[in-house]
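Below you'll find the structure, written out as structure tokens, and then a few comments.
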Amino acid sequence: MKPFLFLLFPVIAFAEPSSLIEATKGKFEMGVGINDRIPEMKEEWPLLKKHFHLITPENCMKPDAIQRKKGVFNFKRADAFVSFAGEQGYGVVGHTLVWAKDDRTPAWFYLDDEGKPLNRDKLLARMKLHIDTVVGRYKGKIAMWDVVNEALHDGEEFLRPSGWTKACGEDFIAKAFEYAHAADPKALLIYNDYNNELSKKRAKMDRLIRSLKAKKVPIHAIGLQGHYTIDRIPFEELEATLKWAQSLDMQVVVSELDIDMIPRGRWWADGNIHREEMAKINPYPDGCPPELLKKQAEQYAQLFEIFNRYSDSIARISFWNLHDGHSWLNDFPWKRVNHPLLFDRERNEKPAYHAVIQALQKTGN
Ligand code: XIL
């Protein structure tokens with residue numbers, strides 16, 4: 001027996017933590033954006049329970065889901081989601097109160113009954129009513145809110161032009177945070193965006209955060225969506241952004257993490273001329289090749305080594321979707337079989353899962 005025990009010992013001593021929750025204990029909270037219908041998807045519950053304790057509804061709390069028509073609030077899905085979370089012991093991340101993109105905001109929001117643009121005061125009153133109603137309804141049940149989503153411009157301007165900027169300039173952002181804070185003073189309030197770790201957008205975010213802080217606006221964290229693409233992950237820029245956040249004493253949340261295995265950047269390039277050709281690209285319909293899974297594992301590990309080093313300023317890391325079969329990247333921006341997450345379609349742990357767990361075991365900061 002003795003030699004056996006000797007052999008077993010190192011295995012036990014270095015056994016992998018058995019879940020993401022265990023591996024991230026004391027570092028940051030583990031979250032995931034999930035299908036709004038999770039209360040009915042019992043088959044998904046065990047994987048969810050094992051690895052995550054914070055959940056974000058994928059769509060049902062967005063402005064066009066909650067108030068598609070003026071004054072008609074639809075809380076059916078959101079209520080069911082929040083009750084599910086309460087019953088099962090999950091924290092909830094609310095997403096999102098103001099999506100500063102015209103194609104994501106119901107058109108009526110900006111217009112009066114004759115179809116003319118509202119002035120600043122009237123538009124802000126509408127925003128306040130929306131925020132009061134939604135945040136107020138779930139007061140004490142939603143731990144963190146993405147208050148404003150995707151307001152920074154991708155090109156040369158500061159903010160993305162929208163009905164909001166037209167009527168209110170940049171003020172709509174400060175107001176959204178003030179209204180949200182008044183409606184639930186205990187919620188952690190987040191400014192969320194994509195590509196905001198890249199230096200050009202980070203500079204805009206710096207301007208935005210400094211201006212909000214100077215006005216004593218209650219903003220508590222920066223959300224880095226973290227929608228990355230294989231072989232194009234901006235590791236250095238990410239680290240620079242985490243350092244920047246530390247220098248401003250801002251908390252960070254990684255809000256929508258995934259690694260697209262079928263690069264999509266060209267979809268928006270050169271005046272959209274590649275779309276027809278790209279819509280046919282579907283290289284891995286029968287599974288992701290092992291060498292790519294290995295690459296993905298290495299790149300996820302590199303990400304988590306960085307997160308680990310900055311865990312003091314990272315409040316939460318959320319993946320965007322539970323497993324590959326649920327990923328939004330199977331449909332966006334065109335239909336393809338994608339493999340961006342830590343669990344495959346059969347809910348099995350991928351090489352990336354083990355790489356992340358190992359990366360988390362390295363000493364942090
Ligand atoms: C996506 C959802 O996952 C899709 O189901 C929906 O069709 C479109 O929106 N950034 C965000 C999220 O802030 O709300 C988006 O979610 C993904 C990009």
Side-chain angles (χ1 to χ4, degrees), residues 31-41 44 48 52 54-68 74 77-78 81 92-106 130 134 142 144-154 159-160 162 164 173 176 180 188-198 201 205 208 221-229 232-233 252-265 267-268 279 316-343 345:
V32 62
I34 43 169
N35 193 297
D36 300 338
R37 293 179 187 269
I38 191 72
E40 293 133 54
M41 301 170 113
E44 308 295 351
L48 179 64
F52 304 99
L54 276 173
I55 55 179
T56 310
E58 193 174 352
N59 290 306
C60 68
M61 284 185 193
K62 293 172 177 174
D64 72 338
I66 292 237
Q67 202 186 170
R68 180 161 297 169
N74 174 9
R77 285 268 147 230
F81 192 95
V92 180
V93 178
H95 173 82
T96 176
L97 297 170
V98 173
W99 197 338
K101 236 180 175 178
D102 286 351
D103 61 345
R104 299 295 193 178
T105 306
H130 183 82
V134 180
I142 292 198
M144 314 183 181
W145 269 107
D146 288 338
V147 178
V148 176
N149 200 29
E150 303 182 348
L152 298 173
H153 194 236
D154 289 316
L159 298 181
R160 179 195 309 283
S162 69
W164 297 109
I173 301 178
L188 184 105
L189 303 184
I190 301 163
Y191 173 75
N192 196 47
D193 214 325
Y194 61 89
N195 285 350
N196 46 344
E197 63 277 83
L198 303 185
K201 225 164 173 179
M205 182 163 67
L208 175 65
I222 291 296
L224 306 175
Q225 291 187 0
H227 290 299
Y228 298 122
T229 297
R232 290 165 210 190
I233 303 180
V252 172
V253 299
V254 179
S255 53
E256 306 180 14
L257 184 59
D258 51 22
I259 301 183
D260 192 343
M261 302 306 280
I262 305 157
R264 61 184 188 271
W267 184 261
W268 294 275
R316 157 175 68 97
I317 296 183
S318 295
F319 286 86
W320 203 243
N321 303 118
L322 187 56
H323 59 71
D324 286 347
H326 279 194
S327 170
W328 71 304
L329 296 172
N330 292 305
D331 297 293
F332 178 89
W334 75 94
K335 240 182 161 36
R336 62 212 189 282
V337 179
N338 221 325
H339 309 270
L341 297 163
L342 301 190
F343 305 101
R345 285 168 166 72

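Atom set for the values below is all heavy atoms of this structure, side chains included, hydrogens, waters and symmetry mates excluded. If you read the sequence from its start, that first residue is 1, and numbering goes on from there. Whatever order the structure lists them in is the order used to number ligands and atoms, beginning at 1. Just so it is clear, the model here is predicted, and its values are computed rather than measured.
Taking Pro63 as the reference, Thr96, Pro106, His130 meet the side-chain contact (heavy atoms from CB on, under 4.5 Å) condition, with sequence neighbours excluded.
At distances below 3.5 Å, at least one donor-acceptor pair connects side-chain atoms of Asn196 with backbone N or O atoms of Gly223.
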Next on the checklist: side-chain hydrogen bond (donor to acceptor under 3.5 Å, both in side chains) for Glu197 and Tyr228? Distances and angles first, verdict last.
Outcome noted: CA-CA 11 Å; Glu197 63 277 83; Tyr228 298 122; 2.6 Å; yes
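For ligand 1, the 4.0 Å heavy-atom shell contains residues Glu58, Asn59, Lys62, His95, Trp99, Arg104, Asn149, Glu150, Gln225, His227, Glu256, Trp320, Trp328.
Using a 4.5 Å cut-off on side-chain heavy atoms (C-beta onward), Glu58 and Asn321 make contact. In this structure, Trp145 and His95 have side chains that are not in contact, with every pair of non-hydrogen atoms separated by 4.5 Å or more.
Paired with His227 under the rule ring pair (Phe, Tyr, Trp, His ring centres under 6.0 Å), one option of Tyr194, Phe332, Trp328 passes, and it is Trp328.
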